[in-house]
Student: 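First the structure, which I've put down as structure tokens, then a few questions once you've had a look.
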Amino acid sequence: MNRMTLETLRAYHDSYPALLNKTYLNYGGQGPLHQDSWQAILQSDRHLQAEGPFANRVFPWLNEQLQTLRQELARLLGTTADTIALTDSVTTGCNIVLWGIPWQAGDHLLISNCEHPGVVAITAQLARRLGVVVDRVAFWPGCDDEVAAVEAQLHPRTRLVVLSHLLWNTGKLLPLEKIVEVCHRRGIQVLADGAQSVGMVPLDLPALGVDYYAFTGHKWCCGPAGVGGLYIRRDRLPTLEPTFVGWRGIHQTPEGQPAGWKEDASRFEVATTAFSLVAALTTALRIHEQWGTAQARYRRICELSHDLWEQLQGIEGVTCLSPVPPPSGLVAFQLANGRHRQLVQDLEAENILVRELLFPASVRACVHYFTLPQECDRFVTVLKQWLQDHP
């Protein structure tokens with residue numbers, strides 16, 4: 001296991017090709033690929049072509065690759081491989097759950113006002129097509145007790161609560177275990193969006209008690225875009241109905257006809273995927289494990305984000321969304337001049353990559369455990385100069 005010193009982290013940082021010529025502070029949008037993950041894609045494709053893409057001897061190898069990734073993800077999340085369905089994104093995982101529940105007109109669904117537009121759009125379609133009543137609990141601006149806020153909006157017909165575990169705008173980590181306890185006392189299930197938590201926050205999903213947890217590999221795990229997953233608590237598998245169906249999720253007769261669902265979460269996997277990406281995410285997860293425990297990596301992320309938050313606090317014309325240092329790698333702030341988009345564009349011209357957020361209107365900078373302190377310093381220096389030039 002590698003020690004996280006400034007010297008070793010600099011060498012490791014530079015093994016991500018995308019980080020060599022820029023200050024990258026957009027891990028919440030997409031993480032860069034490590035050089036070994038990049039090579040894993042090429043090697044996987046090379047193997048497929050050498051053996052023959054549809055050769056019989058390839059299929060056991062593909063199944064092994066898929067199962068290895070499920071096992072690595074399960075280890076990351078404190079669960080077992082049979083509870084993991086591989087998907088292509090968080091949104092796909094949320095779709096699986098939201099369309100897999102047997103809704104009745106008038107059933108109630110609760111989300112927060114800090115959810116990703118993809119999730120909001122799914123719930124709006126449920127309302128249009130099935131007559132589901134959708135409400136939003138306000139986590140922004142300023143919610144001191146998210147558990148009480150959620151509980152206040154539950155009622156007898158609430159079937160599901162959908163929340164981000166870590167809010168993608170403010171960087172706040174929700175007390176998910178307590179929210180789950182409140183919901184389960186009323187027989188209500190919980191779907192967590194783990195887009196910003198998986199790969200950053202140490203997780204034990206069975207201990208959290210959450211029913212469903214959708215996540216991606218291309219943000220804080222630094223895997224390729226196009227591979228993600230969905231955790232389904234084992235006792236929820238029999239009652240969640242597959243909506244999109246394909247050969248990967250079913251058993252087949254000797255004649256090649258459907259013969260029932262697979263018993264584990266893979267029943268929600270559909271068909272052909274970009275298999276070379278699977279090995280790349282497996283590689284990415286194993287690379288992170290070489291750099292301390294999940295707790296140690298998370299601790300360093302928070303140290304860096306706290307330092308960045310402190311620096312931003314002292315800049316006139318800048319207001320951080322979080323009134324306290326966020327317990328995550330996400331630091332978002334608002335500008336008194338309101339020119340968020342121009343700032344993001346001008347920073348990119350300087351090879352400093354951050355993201356504009358539309359709600360609340362702000363700019364978000366993200367730090368990972370291998371972010372270098374001088375990258376944050378450079379960002380703050382350029383930001384101060386920009387504000388002098390754009391009062």
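Computed from a prediction, not measured in an experiment: that's the story for all the values here.
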Student: Checking side chain to side chain contact (heavy atoms under 4.5 Å, CB included) for the pair V331/V367: CA distance, chi angles, key distance, verdict?
Tutor: CA-CA 8 Å; V331 182; V367 294; 5.6 Å; no
Student: Just checking W261 against H251, ring centres under 6.0 Å apart?
Tutor: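 No; H251 has its ring centre 6.0 Å or more from that of W261.
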Student: Quickly, which of E115, H116, Q196 forms a side-chain hydrogen bond (donor to acceptor under 3.5 Å, both in side chains) with S164? Name it, please.
Tutor: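 Output: one option passes, namely E115.
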Student: Do D235 and R233 sit within salt-bridge range, that is, some charged N less than 4.0 Å from a carboxylate O?
Tutor: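 Result for this pair is yes, salt bridge flagged.
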Student: Does E289 pair with R286 as a salt bridge, N-O distance under 4.0 Å?
Tutor: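 The answer is no: the pair does not qualify as a salt bridge.
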Student: Please find out if less than 6.0 Å separates the ring center of W291 from that of Y12.
Tutor: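 So the answer is yes for these two rings.
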Student: Are F59 and F54 close enough that their ring centres sit under 6.0 Å apart?
Tutor: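 Yes, the ring centres sit under 6.0 Å apart.
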Student: Which of parallel (below 30°), tilted (30 to 60°) and perpendicular (above 60°) describes F370 and Y16?
Tutor: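 Ring orientation of F370 relative to Y16: parallel.
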Student: With the threshold set at 4.0 Å, does a side-chain nitrogen-carboxylate oxygen contact exist between E348 and K22?
Tutor: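 Salt bridge: no.
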Student: Heavy atoms only: give me the nearest E72-T282 pair and the separation to one decimal.
Tutor: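 The answer is CG-CG2, 4.0 Å.
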Student: Specify the closest pair of heavy atoms between L308 and V380, including all atoms of both residues, with the distance to one decimal.
Tutor: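 For L308 and V380, the tightest heavy-atom pair comes out as CD1-CG2, 3.8 Å.
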Student: For the residue pair H288 and Y369, does the interplanar ring angle fall in the parallel (under 30°), tilted (30 to 60°) or perpendicular (over 60°) class?
Tutor: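 Perpendicular.
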Student: Assess whether a salt bridge exists between R70 and E269, defined as any Lys/Arg side-chain N lying under 4.0 Å from an Asp/Glu carboxylate O.
Tutor: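 Salt bridge present between R70 and E269.
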Student: Between R364 and E356, is a salt bridge (charged side-chain N to carboxylate O under 4.0 Å, His left out) present by the stated rule, with each step listed?
Tutor: CA-CA 6 Å; R364 187 186 70 193; E356 177 194 15; over 6 Å; no
